[in-house]
Asks: 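One structure is given below, represented as structure tokens, and several questions about it will come after.
Side chains are part of it too, since the values below use all heavy atoms of this structure and drop only hydrogens, waters and symmetry mates. Numbers for residues simply follow the sequence, beginning at 1.
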Amino acid sequence: MITIDIELESARYPVYVGRNGLVREELWAPHLGDGAVLVVSNDRVAPLYLDSLATGLGGRAFDVHVIPDGERHKTVTTWKGIIDKLVDMQARRDTQLIALGGGVVGDITGFAAAAYMRGVRFLQAPTTLLAQVDASVGGKTGVNHVRGKNLIGAFHQPASVVIDSATLDTLPKREFNAGMAEVVKYGAICDAPFFDWLEANADRIAARAGDAIDEMIRRSVENKARIVSQDEKESGVRALLNLGHSFGHALESETAYADFLHGEAVAIGMVTAAMLSEQRGLCSTGTAERIGALLGRFDLPVRIPAHLDLTRLAAALELDKKAVASGLRLVLLQDIGTAVIDRDSSAKNIMNAMENNRA
């Protein structure tokens, strides 16, 4: 079992990476207090892994709240259901929540933990690749608004993260591939050797070879930990983690979270951002093609569907939560492994990049 320590101004906690972590009591016991436990999962993950988590909790009594699966349920209404469950439990300040599921479960559970009695402890048990390499680490929690993704939320760090890579054995191929977009992102923004390694090991990763998967998760989490430790609440360098996300979130909101998984939208967004970087003269020609080629090895979409209205997408970008008073803030590339925060791309630049990356 690999242990990665996350050290922030507000908190310090371990991330455990390895197979069968859910059932290992020694990973859970040190981070649970004496209060009541509420496990939040979804209707797809709970039947698969709730019993394993129960084993890891060592016979500890706990309540369960199951939410529907899918990004379209990441809403205030679903969040309120968790709060109502806590109230029904007469949960106190020493209550702790465990998020068992993917990024939606982790985000919405974390937000409930941040809000209930102004903050209670929560722990992460991510079961999708995207959640394991990205959403479960760093303390971002929240829900979507009909007009934009993650517009409502809070920073609330977990007490620990248990990444059981064995849960990926049951993850559908499409969801696994979607998680690879976030993995590729780390190589693109800050770790060129990791990008090279992903290119060299893409076939083994796609085959879900255990050692390759654990190495990939470890390097992804370490990259995120390094960035988040410098900038916990995204006032600076942490924004680099959003490569492809502004375009991706616009795609998700404009399609009502129905057409793309999050990672699929981010994949398209990364290639669009790389094209914009090339057009602006920030990086060399061929950067977008190289990123697109690696994403394509995991069957990820890389182009904006032809039927989408680019004017509406551009308008959705303006509402993205990463925008600032001075204008839209995008993450662009100077090279594979070197990203920059950009505030100088004109509306024309952005529209041209989207047009050039249209299917």
Side-chain angles (χ1 to χ4, degrees), residues 2 4 15 17 103 126 128-138 163 165 168 176-209 211-231 237-248 261-278 282-302 330-342 357:
I2 301 163
I4 302 164
V15 178
V17 181
T128 66
L129 180 59
L130 189 146
Q132 290 175 355
V133 301
D134 185 66
S136 65
V137 177
I163 297 176
S165 55
L168 300 182
F176 180 88
N177 289 343
M180 287 304 303
E182 297 286 0
V183 175
V184 171
K185 176 195 73 178
Y186 292 116
I189 64 170
C190 66
D191 193 344
F194 184 41
F195 195 97
D196 295 340
W197 182 87
L198 290 170
E199 289 178 318
N201 289 274
D203 291 343
R204 298 189 69 242
I205 293 167
R208 307 194 200 187
D211 58 337
I213 293 296
D214 284 354
E215 174 71 2
M216 178 182 76
I217 295 172
R218 177 187 69 80
R219 294 178 73 166
S220 297
V221 172
E222 287 178 346
N223 274 312
K224 183 160 191 181
R226 185 171 63 252
I227 291 174
V228 171
S229 67
Q230 299 173 59
D231 177 21
V237 68
R238 183 170 177 165
L240 296 177
L241 293 168
N242 294 321
L243 176 68
H245 284 61
S246 292
F247 292 107
L261 297 179
H262 175 64
E264 294 170 339
V266 167
I268 296 170
M270 275 197 288
V271 175
T272 305
M275 285 192 170
L276 177 57
S277 303
E278 290 184 24
L282 297 175
C283 67
S284 60
T285 301
T287 303
E289 182 179 2
R290 186 180 174 195
I291 292 171
L294 180 54
L295 294 168
R297 293 179 71 177
F298 300 101
D299 297 325
L300 284 164
V302 297
L330 296 173
V331 181
L332 301 183
L333 296 174
Q334 292 181 327
D335 199 354
I336 298 292
T338 306
V340 293
I341 298 168
D342 171 73
N357 195 37

Asks: Picking from V340, T338, I291, what satisfies side-chain contact (heavy atoms from CB on, under 4.5 Å) with L333?
Replies: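 So the option named by the test is I291.
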
Asks: So, do L295 and I268 sit near enough that their side-chain heavy atoms are less than 4.5 Å apart?
Replies: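 Side-chain contact under 4.5 Å: no.
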
Asks: Between L300 and A181, what is the shortest heavy-atom contact and its length?
Replies: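 Shortest heavy-atom contact: CD1-N, 3.9 Å.
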
Asks: In chain order, what residues pass the side-chain hydrogen bond (donor to acceptor under 3.5 Å, both in side chains) check against Q334, with sequence neighbours excluded?
Replies: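 For Q334, no residue satisfies side-chain hydrogen bond (donor to acceptor under 3.5 Å, both in side chains) once neighbours in sequence are set aside.
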
Asks: What pairs with V331 under side-chain contact (heavy atoms from CB on, under 4.5 Å), at least two apart in sequence or on another chain?
Replies: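 Expected list: L240, N242, L243, A339.
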
Asks: Is any side-chain heavy atom of Q132 less than 4.5 Å from a side-chain heavy atom of E182?
Replies: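 Not in contact.
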
Asks: First locate atom OG of S277, then atom CG of L332, and finally report the distance between them rounded to the nearest 0.5 Å.
Replies: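 The OG atom of S277 sits 4.0 Å away from the CG atom of L332.
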
Asks: State the CD1-OG1 distance between I336 and T287, to the nearest 0.5 angstrom.
Replies: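 If we round to the nearest 0.5 Å, I336:CD1 and T287:OG1 are 5.5 Å apart.
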
Asks: Under the salt bridge (Lys or Arg N to Asp or Glu O under 4.0 Å) test, which residues partner D299, sequence neighbours left out?
Replies: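 In terms of salt bridge (Lys or Arg N to Asp or Glu O under 4.0 Å), with neighbours along the sequence ignored, D299 is linked to K173.
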
Asks: Measure across L129 and G179 and return the closest heavy-atom pair with its distance rounded to 0.1 Å.
Replies: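 Heavy-atom minimum between the residues: CD2-C, 3.8 Å.
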
Asks: Return the set of residues passing salt bridge (Lys or Arg N to Asp or Glu O under 4.0 Å) with D335 (not counting sequence neighbours), or none when no residue passes.
Replies: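 With neighbours one apart ignored, the set is empty.
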
Asks: For the residue pair I341 and A239, what are the closest heavy atoms and their distance?
Replies: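 Closest approach of I341 to A239: CD1-CB, 3.8 Å.
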
Asks: Which residues pass the side-chain hydrogen bond (donor to acceptor under 3.5 Å, both in side chains) test with T272, sequence neighbours left out?
Replies: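 T272 satisfies side-chain hydrogen bond (donor to acceptor under 3.5 Å, both in side chains) with N357 once adjacent residues are dropped.
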
Asks: If every non-hydrogen atom of A212 is compared with every non-hydrogen atom of I205, which pair is closest and at what distance?
Replies: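 Looking at all heavy atoms of both residues, the closest pair is CB-CG1, 4.4 Å.
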
Asks: Taking F176's backbone N and O only, do any of them form a donor-acceptor pair with R208's side chain (distance below 3.5 Å, no angle check)?
Replies: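 Looks like no, no N/O pair under 3.5 Å.
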
Asks: Just by modelled atom types, is the A131 backbone N or O under 3.5 Å from a matching donor or acceptor in the S136 side chain?
Replies: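 Checked: pair present.
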
Asks: Has D342 got a side-chain atom pairing as donor or acceptor with L330's backbone, closer than 3.5 angstrom?
Replies: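 Pair absent, no side-chain N/O of D342 close to backbone of L330.
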
Asks: My understanding is that only residues two or more places apart in sequence, or in another chain, count here; which of them pass side-chain hydrogen bond (donor to acceptor under 3.5 Å, both in side chains) with S165?
Replies: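 By the side-chain hydrogen bond (donor to acceptor under 3.5 Å, both in side chains) rule, S165 matches D214.
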
Asks: For E264, give me all partners under side-chain hydrogen bond (donor to acceptor under 3.5 Å, both in side chains), at least two apart in sequence or on another chain.
Replies: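 Counting only residues at least two positions away or on another chain, E264 forms a side-chain hydrogen bond (donor to acceptor under 3.5 Å, both in side chains) with R174.
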
Asks: Between D134 and L130 (side chain of the first, backbone of the second, donor and acceptor by atom type, cut-off under 3.5 Å), is there such a pair?
Replies: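 Checking the backbone N and O of L130 against the side chain of D134, no donor-acceptor pair under 3.5 Å is found.
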
Asks: Would you compute the distance between atom OG of S220 and atom CG of L198 and round it to the nearest 0.5 angstrom?
Replies: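 Those atoms lie 7.0 Å apart.
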
Asks: Looking at every non-hydrogen atom in both residues, tell me the closest pair between G138 and V228 and how far apart they are.
Replies: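 The answer is CA-CG1, 4.1 Å.
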
Asks: Do the side chain of K224 and the main chain of V137 share a donor and acceptor less than 3.5 angstrom apart?
Replies: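 Checked: pair present.
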
Asks: Which residues satisfy the salt bridge (Lys or Arg N to Asp or Glu O under 4.0 Å) test with E289, sequence neighbours excluded?
Replies: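 Salt bridge (Lys or Arg N to Asp or Glu O under 4.0 Å) check on E289 returns nothing, list empty.
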
Asks: I need the single residue from V221, I2, L168, V133 that forms a side-chain contact (heavy atoms from CB on, under 4.5 Å) with I163. Which is it?
Replies: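 When side-chain contact (heavy atoms from CB on, under 4.5 Å) is applied between I163 and each of V221, I2, L168, V133, only V221 qualifies.
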
Asks: Sequence neighbours left out, what passes side-chain contact (heavy atoms from CB on, under 4.5 Å) with A293? Give chain and number order.
Replies: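 For A293, no residue satisfies side-chain contact (heavy atoms from CB on, under 4.5 Å) once neighbours in sequence are set aside.
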
Asks: Under the side-chain contact (heavy atoms from CB on, under 4.5 Å) rule, collect the residues that match up with N223, sequence neighbours excluded.
Replies: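 In terms of side-chain contact (heavy atoms from CB on, under 4.5 Å), with neighbours along the sequence ignored, N223 is linked to Y186, C190, D191, F194, R226.
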
Asks: Run the side-chain contact (heavy atoms from CB on, under 4.5 Å) test against D203 and tell me which residues pass, sequence neighbours left out.
Replies: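 side-chain contact (heavy atoms from CB on, under 4.5 Å) list for D203, sorted by chain: R297.
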
Asks: Tell me whether E278 contacts the main-chain N or O of A288 through its side chain, where contact means a donor paired with an acceptor under 3.5 Å.
Replies: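 Judged by distance alone, yes, a pair lies under 3.5 Å.
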
Asks: Report the residues that fulfil salt bridge (Lys or Arg N to Asp or Glu O under 4.0 Å) with R218, sequence neighbours left out, ordered by chain and then residue number.
Replies: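 Counting only residues at least two positions away or on another chain, R218 forms a salt bridge (Lys or Arg N to Asp or Glu O under 4.0 Å) with E215, E222.
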
